[in-house]
Amino acid sequence: MVPAEVPDAEAEPDGLEDRLRRFVTIWSRAIFPATATSLTRPEFERHLLPLARSLRDALHDRIFDATPAHGVGAALVGAHCTDPDALARSLGVVDAYLVLYCGEAADPAGELAADELRSRCARLQATFAAGFAQALRERTLAEQEAIARSALAARGAAEDALHATEARFRAVFEGAAIGIGIADLDGRVLEVNDTLTRMFGGLEHHVRSRNVSEWVHPDDAPQVWGMYKELIRGERDNFRTEKPFFRNDGTVLWTNLTVSLLRDVDGVPQYQLALLEDTTERRLLTLRLRYEATHDALTGLPNRTLFFERLEKALAPARETPKDAAKDEAKSDGAKDGAKSGTKEAGPVPAPRPAARFGLCYLDLDGFKAINDSLGHSAGDRMLVEVADRLQSCATAPGEMVARLGGDEFVALTTGPDTQREVGELAARILGALATPISLDGREFTVRGSIGIVEGKAGESTAAEVLRSADITMYRAKSAGGNRFEHADAEADARAITRHGLTTSLPTALERGEFFIEYQPLVHLADGTVHGAEALVRWSHPTHGVLSPDRFIPLAEHTGLIVPLGRWVLEQSVLQARAWQEELAAGTFAGPVRINVNLSPAQLHHPGLVADTVEVLERIGLPPGSLCLEVTESALIGADEDLLKPLRQLAEMGVDIALDDFGTGYSNLANLRRLPVSVLKLDRSFTQGMQQHPADPVDLKIVEGIVSLAHGLELGVTVEGVETGAQAEHLRRLGCDTAQGWYYARPGPPEMLHTLSMADAV
């Protein structure tokens with residue numbers, strides 16, 4: 001900012017103040033690089049402006065006095081322009097530019113001659129230099145005095161700090177809660193604190209008289225003494241490890257040990273410092289907690305956690321250490337050299353190590369739930385303890401272990417090169433040990449078990465894969481009757497895994513719209529016209545492709561999804577039948593007008609069967625007589641009235657009920673009179689003999705009898721699985737009403753039936 005008293009530059013371009021500022025700018029440019037000031041360049045120029053004005057005024061005073069220049073030189077030192085170069089540059093600027101910018105312009109009257117101005121400028125320079133030098137000397141003396149005082153104070157403080165540090169070190173050394181010891185580089189113990197003495201039994205001379213190398217323990221980590229030698233050689237500054245020591249009474253002291261190297265001021269190693277934290281009690285507690293965490297509280301056997309650790313170790317592929325590999329290579333090379341030279345010293349090439357193998361028995365007790373339910377969990381626990389004791393007695397060889405996974409599930413593991421034979425013998429011993437009855441509350445119980453066996457080479461499977469295979473195999477043994485063992489089979493495992501995957505993806509498959517329906521026509525045998533169609537649900541699985549009902553309907557029944565899936569199939573089928581009827585009325589479709597929908601046994605037991613069926617028919621507008629519900633014969637064998645009631649209600653409404661797979665359930669034919677069925681669907685097994693020529697006469701007689709019986713009861717007869725024209729002709733002659741099969745058409749989209757129906761119409 002330009003001061004108020006300075007004229008505007010445009011109004012007076014060559015004003016005194018403006019020329020003075022030019023001088024200041026030149027001065028600033030000359031000495032600013034040599035300053036140690038924190039000021040910016042503009043700030044520094046503003047600092048020089050009053051100094052330059054003082055020089056100008058002294059130059060033109062009537063009575064010349066160079067004293068102000070002395071103050072200017074001192075002020076320059078005060079602005080941290082203490083570099084000698086700054087003085088030289090300043091004198092050069094004053095000499096070259098002071099008279100030029102502040103001479104005649106400041107003395108327009110010409111009272112001072114040019115020589116006088118130059119003389120005054122020279123004296124000002126001398127006084128400027130004297131002031132600069134004096135100020136610089138005083139500043140230097142002041143700094144030296146301050147440094148001397150600071151050094152004296154620092155020395156006193158250092159001595160005080162040294163005494164305080166030594167006192168603190170002694171207090172820490174003596175009162176520390178951890179053991180501290182100092183030894184020389186040869187390992188001789190020089191000093192120990194009281195805590196370390198107490199840790200080793202309380203006798204200081206027994207500790208101070210020892211050498212570090214005497215404290216070797218069999219449980220030392222392999223790298224401990226290697227790190228110690230590196231520290232003594234100065235190759236490392238410290239190391240930390242867990243280390244046991246023998247006390248004087250022979251007991252073991254477990255510690256967290258930290259050893260540090262102490263060097264002198266030149267970095268040469270002098271001493272070693274050891275810090276020891278007593279972890280004996282903590283280690284015992286850790287071992288106890290570890291035992292409790294890895295063993296079953298009831299039986300004392302290893303639990304799932306410890307078993308998986310052992311299993312993963314057994315499954316890990318065998319790895320040669322570099323030392324072993326070098327030995328084998330050396331032996332092999334020696335054998336080769338010996339063979340070449342013909343000497344007798346060369347030994348034989350070592351035989352290859354046998355591949356590591358494992359064998360796993362997964363045991364589940366048969367019928368154990370009945371023990372808990374009848375005698376209570378206390379008795380069940382006692383039985384589990386007895387079973388655990390017997391299992392332990394079966395696995396006593398090296399490399400064998402028994403564990404309890406939970407509930408009544410146990411596993412036995414064996415390792416070694418011959419597990420293919422040993423695991424079968426182990427399973428047989430287990431079943432033999434369980435065969436002896438167990439006495440509980442005065443009663444004897446025979447324990448049975450199912451065992452799944454997995455055996456193989458290490459490194460080929462993960463622990464989870466092995467246990468899953470053993471679990472699947474165990475359930476296969478249980479399904480075969482129990483009290484036996486089965487060996488794992490990869491194909492059976494794959495089928496079980498696939499079933500599990502389908503089961504878990506079923507609930508979302510319906511939401512994602514992965515199901516669709518194909519229709520297989522039902523044909524009148526008398527004239528070959530299309531009578532109706534059976535709805536067959538399919539699953540378009542994103543991984544396994546299109547799945548037929550036999551792949552997923554049993555899974556849907558097991559999970560309960562069959563009810564919403566069946567309702568969806570019913571709704572879609574009724575919608576399609578209604579569409580066919582509308583096309584029939586419009587003359588664009590010649591049939592069919594009826595739809596057959598399968599009902600599973602689980603749907604029969606669902607209380608909403610009738611209400612759901614009625615709601616779908618009424619909402620879509622399909623007459624009940626256009627719907628036929630197919631129920632398998634096995635689902636109705638021995639059915640009571642409660643099960644038949646919903647079928648009767650539907651039949652009374654006009655819905656046809658077909659007895660599917662008739663002839664496979666060994667039902668009493670007299671029961672047909674009480675069943676609310678209107679159609680018998682004859683199983684394909686009765687008509688396969690009609691595919692050959694000549695037809696099987698026994699099959700002809702059986703079918704003829706069934707047709708006669710059905711017609712006598714006013715039931716229609718439908719035959720499924722018709723594959724040849726000769727077969728169809730035999731069935732027509734025997735009086736069967738309708739048929740379906742690949743001879744007429746395979747299941748397909750609803751559009752396929754347009755072609756069949758229009759062909760019939762022509």
Next item on the list: Evaluate the side-chain proximity of H730 to V703: yes if any heavy-atom separation is below 4.5 Å, no if none is.
Entry: no

Checklist line | Inter- and intrachain pairs under side-chain hydrogen bond (donor to acceptor under 3.5 Å, both in side chains), touching residues 545-556, at least two apart | finding: S548-D550

Check: If every non-hydrogen atom of A745 is compared with every non-hydrogen atom of Q520, which pair is closest and at what distance?
Finding: O-NE2, 3.2 Å

Margin query: Between R619 and E571, does any NZ, NE, NH1 or NH2 come within less than 4.0 Å of an OD or OE carboxylate oxygen?
Written below: yes

Check: Distance only, no hydrogens: is a donor on one side chain within 3.5 Å (strictly under) of an acceptor on the other, for D661 and T632?
Finding: no

Margin query: Any non-hydrogen side-chain atom of D408 less than 4.5 Å from a side-chain atom of L384?
Written below: yes

Next item on the list: Would you kindly say whether D366 and S450 are connected by a side-chain donor-acceptor distance under 3.5 Å?
Entry: yes

Next item on the list: Scan side-chain atoms only and decide if N598 and E534 contain a donor-acceptor pair under the 3.5 Å cut-off.
Entry: yes

Next item on the list: State, with a plain yes or no, whether a side-chain heavy atom of R567 is found less than 4.5 Å away from one of P564.
Entry: no

Item checked: Minimum side-chain heavy-atom gap P507-T559 below 4.5 Å -> no

Note to self: Would you call the rings of Y519 and W580 parallel, tilted or perpendicular, taking 30° and 60° as the class edges?
What the structure shows: perpendicular

Next item on the list: Determine yes or no for a side-chain-to-main-chain donor-acceptor pair under 3.5 angstrom, with T613 supplying the side chain and L609 the backbone.
Entry: yes

Margin query: Is it true that E514 and W539 share a donor-acceptor pair across their side chains at a distance under 3.5 Å?
Written below: yes

Next item on the list: Report yes if the side chains of I371 and L365 come closer than 4.5 Å at any heavy-atom pair, otherwise no.
Entry: no

Next item on the list: Flag the pair E729 and R732 as a salt bridge only when some basic side-chain nitrogen lies within less than 4.0 angstrom of an acidic carboxylate oxygen.
Entry: yes

Next item on the list: Check whether any side-chain heavy atom of T738 sits under 4.5 Å from a side-chain heavy atom of V679, and report yes or no.
Entry: no

Margin query: Using the rule side chain to side chain contact (heavy atoms under 4.5 Å, CB included), only one of E444, R390, R443 pairs with I438; which is it?
Written below: R390

Notebook entry, point to check: Is D489 paired with R476 through a side-chain N to carboxylate O contact shorter than 4.0 Å?
Noted result: no

Check: Strictly by modelled atom types, are T718 and Q740 linked by a side-chain donor-acceptor pair under 3.5 Å?
Finding: no

Next item on the list: Could you check T419 against T414 for side-chain hydrogen bond (donor to acceptor under 3.5 Å, both in side chains), going step by step and ending with a plain yes or no?
Entry: CA-CA 7 Å; T419 55; T414 180; over 6 Å; no

Checklist line | Parallel, tilted or perpendicular: rings of H487 and F485 (30°, 60°) | finding: perpendicular

Item checked: D737: partners by side-chain contact (heavy atoms from CB on, under 4.5 Å), with sequence neighbours left out -> H711, V717

Check: Is a side-chain N or O of S469 found less than 3.5 angstrom from the main chain of V466, in a donor-acceptor match?
Finding: no

